[in-house]
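Please read all numbers here as calculations on a predicted model, not as lab measurements. In what follows, every heavy atom counts, from backbone to side chain, and hydrogens, waters and symmetry copies are set aside.
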Amino acid sequence: MATKFTKETYLYWYELMQLIRQFELKAEEMYKMAGKIRGFFHAYVGQEAIAAGCMTATTPDDPFITGYRDHGWALAKGVSPNACMAELYGKATGCSKGKGGSMHFFSVEHKFYGGHGIVGAQIATGAGLAFAEQYRGTNNVALCFFGDGAARQGILHETFNLAMLWKLPVIFICENNNYAMGTSVQRTSNVVDIYKLADSYDMPGDKVDGMIPEDVHEAVARAVKRAREGGGPTLLEMKTYRYKGHSISDPQKYRTKEEVDEYKNQDPIHKVLQTILTNKFATQEEIDAIDAKIAQVVEASVQFAEESPFPDDSEVYKDVYVNDNYVFDID
């Protein structure tokens with residue numbers, strides 16, 4: 001079976017998607033079974049193909065920003081599993097110093113700007129990141145991810161208007177997993193094809209199969225090329241599916257087990273694995289070795305989080321302002 005992509009690309013996709021999947025499953029176990037993780041928790045299980053395809057279509061210097069389903073994106077951008085797991089534990093060694101938790105992963109070093117708990121807030125901030133790149137005269141493109149629920153926020157329309165007016169180098173990517181928190185797109189909008197929202201602003205828009213990393217890569221690569229050449233933003237609607245609930249407390253009464261199983265039959269990790277084995281890009285023994293390495297990395301992240309300290313009380317007022325010595329003047 002001929003492919004457009006190299007052996008190295010497929011192996012990278014497989015390893016990245018497996019890392020995200022196994023990290024999320026282990027973190028869920030530490031939340032539910034061990035009680036080590038508390039608060040909000042939104043897993044990326046099932047949506048890994050979007051992260052894989054976006055990473056190979058961009059450069060490390062391209063800034064990424066997303067909402068609260070952010071663990072997978074932090075891992076994809078290079079934040080270490082140790083720092084990610086420690087953040088879930090609320091430990092000082094976490095990527096946000098243990099102050100953000102599940103919804104607020106962050107790393108300037110890796111050009112990953114969150115992790116935002118306010119629905120849709122990252123849409124405007126993503127355009128702001130693109131404006132900063134344009135203002136500085138770089139060749140970088142900002143990728144801004146949001147869910148189908150966030151597409152209902154008014155800030156999307158204000159941002160789309162300015163992004164097109166100023167031809168900002170930004171790709172707006174809607175990860176449409178069908179249900180927002182638990183309500184289908186059909187029940188919340190007359191426009192069920194979210195990519196068509198771009199039409200009002202003469203913005204290019206397209207629908208993409210978000211369960212296929214090849215399709216994601218090609219769509220993002222086209223949009224990134226346009227943005228780097230000064231053509232402005234693009235809206236991409238990635239049709240995907242989360243195998244877990246909206247959050248860890250979601251009873252999922254709005255969908256059937258049969259529906260979830262149907263989408264699991266489209267598992268992107270399994271598809272990539274079949275391509276690897278069919279094309280003899282790796283043997284089963286080599287795949288087993290990758291899986292064992294990932295398992296070891298994930299287990300090590302749990303040990304790291306367990307052994308890390310909680311933030312000191314002196315940290316509570318830090319990182320609120322750029323200058324930690326800022327003092328309020330109440331007179």
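F64 carries K77 over the face of its six-membered ring, with the cationic atom under 6.0 Å from the centre and within 45° of the normal. A cation-pi arrangement is absent between K36 and Y31, since the terminal nitrogen or guanidinium carbon is not both under 6.0 Å from the aromatic centre and inside a 45° cone about the axis.
The aromatic rings of H246 and H42 stand perpendicular to each other, their planes meeting at an angle above 60°, with 30° marking the opposite boundary. Ring orientation note: the planes of H157 and Y201 are tilted relative to one another, at an angle of 30° to 60°.
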TODO: Check the pair K239, D193 against salt bridge (Lys or Arg N to Asp or Glu O under 4.0 Å), reporting the backbone distance first and the verdict last.
DONE: CA-CA 10 Å; K239 295 288 290 182; D193 291 318; over 6 Å; no
Open item on the list: Determine whether W13 and F5 satisfy the following criterion, ring pair (Phe, Tyr, Trp, His ring centres under 6.0 Å), listing intermediate values before the conclusion.
Closed with: CA-CA 11 Å; W13 283 343; F5 298 94; 5.1 Å; yes
Task: Test ring pair (Phe, Tyr, Trp, His ring centres under 6.0 Å) applied to F145 and W73, step by step - done: CA-CA 10 Å; F145 303 91; W73 284 114; 3.9 Å; yes
- [ ] Using the salt bridge (Lys or Arg N to Asp or Glu O under 4.0 Å) rule, take K91 and E87 through it: C-alpha gap first, then chi angles, then the decisive distance, then the call.
- [x] CA-CA 6 Å; K91 297 298 185 72; E87 189 59 39; over 6 Å; no
TODO: Evaluate the salt bridge (Lys or Arg N to Asp or Glu O under 4.0 Å) criterion for residues D267 and K271: first the C-alpha distance (whole Å), next the side-chain angles of each, then the deciding distance (0.1 Å), finally the verdict.
DONE: CA-CA 6 Å; D267 194 318; K271 288 180 179 179; over 6 Å; no
Task: salt bridge (Lys or Arg N to Asp or Glu O under 4.0 Å) between E299 and K26, intermediate numbers included - done: CA-CA 8 Å; E299 287 296 336; K26 174 58 70 173; 2.8 Å; yes
Open item on the list: Run Y179 and Y254 through ring pair (Phe, Tyr, Trp, His ring centres under 6.0 Å) and show every step you take.
Closed with: CA-CA 9 Å; Y179 288 107; Y254 47 84; 5.1 Å; yes
Task: Residues F160, F172; criterion ring pair (Phe, Tyr, Trp, His ring centres under 6.0 Å); working and verdict - done: CA-CA 9 Å; F160 279 13; F172 298 107; 4.7 Å; yes
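A ring-centre distance under 6.0 Å is not found for Y263 and Y243. Ring centers of H104 and H116: at least 6.0 Å apart, outside the cut-off.
The closest side-chain donor-acceptor pair between Q18 and Y14 falls under 3.5 angstrom. For the residue pair Q122 / Y113, no side-chain donor-acceptor distance below 3.5 Å is found, with atom types taken as modelled. Y44 and E175 share a side-chain donor-acceptor pair at under 3.5 Å.
The closest donor-acceptor contact from the side chain of K225 to the backbone of R222 lies at 3.5 Å or more, if one exists at all. Proximity of a side-chain donor or acceptor of T138 to a complementary backbone N or O of Q134 within less than 3.5 Å is not detected.
With rounding to the nearest 0.5 Å, the separation of CZ in R38 from OG in S102 is 15.0 Å.
Within a 6.0 Å radius of NZ in K97, no more than 12 heavy atoms belonging to other residues, nucleotides or ligands are found. Heavy-atom neighbours of D313 CG from other residues, nucleotides or ligands within 6.0 Å: at or below the threshold of 12. In this structure, E259 places its CD atom where more than 12 heavy-atom neighbours from other residues, nucleotides or ligands lie under 6.0 Å away. For L25, the CG atom is densely surrounded, since the number of other residues' heavy atoms within 6.0 Å is greater than 12. Atom CD of Q296 has 12 or fewer heavy atoms from other residues, nucleotides or ligands within 6.0 Å.
Pairing each heavy atom of G210 with each of A49, the nearest pair is O-CB, 3.4 Å.
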